[in-house]
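Quick notes on the structure that follows.
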Amino acid sequence: MAEVKVKKEKGVLDPAEVEKRIKELCEQFPQGITDHVIQNDMPHLEPQQRAGAINRLLSLGQLDLLRNSSGLLYRLKDTQGSRALVEKGVRSRDIRFKSNLPLTEINKILKNLESKKLIKAVKSVAVSLNSCRCSRANTLNVLRVLLLLSKIFGSTRLGPGPCLTVEVRVSQVDLSMEDIETILNTLIYDGKVEMTVIVAKEGTAGSVDGQMKLYRGVNSITAPTGLVKTPCGLCPVFDDCHDGGEISPSTCIYLSEWLDF
Amino acid sequence: MTANEVRLCGLLLREHFGEVVEKVGTHLLKNGPETLRTIIHETGMPLDQVKKSLCVLMQQGACTFCSGRKGPGSPAEYCANGDRILRILRYPRYIYTAKTLYGDTGELIIEELLQRGHLTMSETVKTVADRLTQNMEEGRSMDYSEVSSSFSKLVETHFLQRCPPVGVEKKASSSDNPAPPVTNPESAESFPDCYKVPHVTLIGRGKRPLVTEDGEEQRNAKKRKLDAQAHGDEGIYWQVNFERFHLHFRDQTIISAVANKLDQTSSEIVRTMLRMSEVTTAPLAPSTKPLSANEIFRSLPSSYSIQRQILDQYLSLLVDDPMEFVGKAGESGGGMFVVNLHRALANLARATLESVVQERFGSRSARIFRLLLRTRHLEQKQVEDFAMIPAKEAKEMLYTLVSENLVQLQEVPKTPDYAPSRTFYLYTVNQLPTARMLLQNCYKSVGNLIERRLFETKESKRLLEKSQRIEAILASLQASGAEPEQLTEVEEMITAAEKQQLSALRLHVNKLDSAENQVDETIFLLESYIFSTSLTG
Ligand code: SF4
């Protein structure tokens, strides 16, 4: 009796626990873990047991097996596809890519989640101008990356240079030059980015007709102007406000609230 | 003058000079030039009150008179200068600027001159020195010569100027109302500059020994003494040169915009450029005189230790910047550079408009607004596409902007019958008219704020008077060495609730005050922009 107990404690861990531990590890390292990691974490685990546990997880579809230069990598699979949904908003096609679940299944899960009010469907804005169906989520992704890039590099070159490849990969949808320009233009109109056109030698990466467009993130040149710092500058009834009238500065509640703030 | 401006002028006059002056001032603003008789007749006020008000206005330069339109010999007509009255709003900023540039002395000199309209140099120096002495500890005093050197510095930098000689005549004669033949004051105003510098040094030197002599006698002068002694500058009156202050404000705004947009170093470069060209550039020129990179390099403050190559890089960065604050004017001397003053003002005004839209209608509307500013005419469909905003929202935002007059709608009919189905509807933003409209809004907002401030103080008038009385009693008791119990007894006459009310009131008034100054900054920017377009266009 006693012998058996000791053996259990030392050597054979409960397979369920091993699986749980592996999953935890995977969560810790979302980019994937190797055999070594598991080995280091649970040195007492025998190779067969480790292999058994991993195989079970793989067959359950909870783990992904990837191969890279240093050997095999295990990665946790998004069974529900829901993790991808968090905060960003995502297209159902992307969910399918990520989770490897059949489309019908995904639709069912999404419906289910939607009825529970956990997620909601968002119509995507199509850039019909360029007949490119790029969804808002993607747009936002690209924007985020662009802003990031421009913060890092000071200015981002638009063209098939290295920076752009990064963007395209992130957006997962092949965006054409025009699409990206449209997106960048909205950023210009937001006052977040500005564009300079410079002369470039023909053949340089990113040059079109001897021109090259340079983008960079900018700060606004002025703080909010003085007028809009007062209630009157934002007042919805500004035009109806007169001395001694129904709405007047002396009795104005916007001003009172602002003064007591 | 628009109704908003007249209202604001009235409020400013009421606040600074009382209701009587307000009445005369607004009457003149509304009705244009009038003779004394008509003013009395139409306002129904007694002769001496009207006369005194006119005197006050004239002393401030807010009112001029010229011989009647009906030819020589006809009664003089008085006419108010609204722009000058609006300057009252900016007094705090002038005074503050003088303080930062020239210390307490400069502050007091400007303050005296602003309050009194115009003064001779000796009067100013004496008053300021006395006031400074009052604030010093016992036994110390302010030397007149120090004050007068500050004064000459202010004149050298053009912050002060001589009143045109006509103004002097005007003042002397304003007490007896039928005006003597006066030449048109405008002509004198148009060449004040040639009066400025040369005469200053002359006067400064001629007068200084006299003043110091006085200073010796009245070292500890606490009271202002009106000695009839001649100082050699009688009849030479000085006034604050608002234009010069405005140029300074403009430069400051440009510098801080560059600092926001790029960085501190580039703003230092622009500051240096502006400082170098301060004297050589005409006040209203659209850009500064060209400066070579070499010159700029030599004038950079050494504390900044910017290297030559770095300076070149910064300059080309500034030139390439889409805001076009700095332009390139030539290649000689390592490149000639100018500061595009008017372009900068236009860009700053545009940023102001954008920020108004952004704060009032959110960033998506601001996106539409910027889009329209940059692309001129667009159809609704195009707006939706370019701004990447869903049709429904875009429509709503556009219509709000149109109804607020920030965006204009232009119809281009394909057929002459203007049938909606065969008409293009184009949206545009016109920067200049929009700026004008916002300027009016600013006037109204400031008016509202002042109105509210006056209202708040009026509401608590009784309380304010009480607290002032009690403070006076306390001071006199303290001076006579009263018992501490007595003092606390008097102090307790103000209840805790009243105290709270007083502090709330103080808070409110301060908040309104600072808001007024902030709006004035917007006003200044828009005014300068509008003025600059009137010069070029
Ligand atoms: S006083 Fe009040 S009601 Fe009038 S414009 Fe200002 S915020 Fe609006």
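Just so we're on the same page: letters track the sequence lines, and every chain starts at 1.
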If you count heavy-atom pairs under 4.5 Å with chain A, which of [options] comes out on top?
options                            : answer
E384(B), R7(B), H508(B), Q518(B)   : H508(B)
T253(B), T522(B), N347(B), V519(B) : T522(B)
E451(B), E354(B), E516(B)          : E451(B)
N260(B), V356(B), L449(B)          : N260(B)

| Expected output: side-chain T225(A) to main-chain T352(B) donor-acceptor under 3.5 Å | no
So does F238(A) get a backbone contact from the side chain of K444(B), meaning a donor-acceptor N/O pair under 3.5 Å? yes
Can you tell which part of [X] gets under 4.5 Å to a heavy atom of chain A, answering side chain, backbone, both or neither?
X       : result
E456(B) : side chain
E521(B) : neither
A257(B) : both
R360(B) : both
L373(B) : neither

If one checks every heavy atom of T230(A) against chain B at 4.5 Å, the contacting part turns out to be side chain
With a 4.5 angstrom heavy-atom cut-off, could you sort out which part of C235(A) is near chain B: side chain, backbone, both or neither?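 C235(A) touches chain B through backbone heavy atoms alone.
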- Task: Kindly indicate, with the supporting measurements, whether the criterion side-chain contact (heavy atoms from CB on, under 4.5 Å) is fulfilled by Q358(B) and V228(A).
- Result: CA-CA 10 Å; Q358(B) 168 117 15; V228(A) 286; over 6 Å; no
Query raised in the report: Are L227(A) and S445(B) side-chain neighbours, meaning at least one heavy-atom pair lies under 4.5 Å?
Result: yes
- Do W258(A) and L512(B) have side chains that get closer than 4.5 Å, going by heavy atoms? yes
Heavy-atom count check: over 12 atoms from other residues, nucleotides or ligands less than 6.0 Å from E396(B) CD? no
Between R452(B) and T251(A), a side-chain donor and acceptor under 3.5 Å |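 No, no side-chain donor-acceptor contact under 3.5 Å.
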For each of D243(A), D239(A), L255(A), L234(A), tally heavy-atom pairs with chain B at distances under 4.5 Å, and name the one with the top tally.
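Maximum pair count with chain B is reached by D243(A).
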- Task: Working to the nearest 0.5 Å, report the span between OG of S250(A) and CD of E459(B).
- Result: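 Output value for this atom pair is 8.5 Å.
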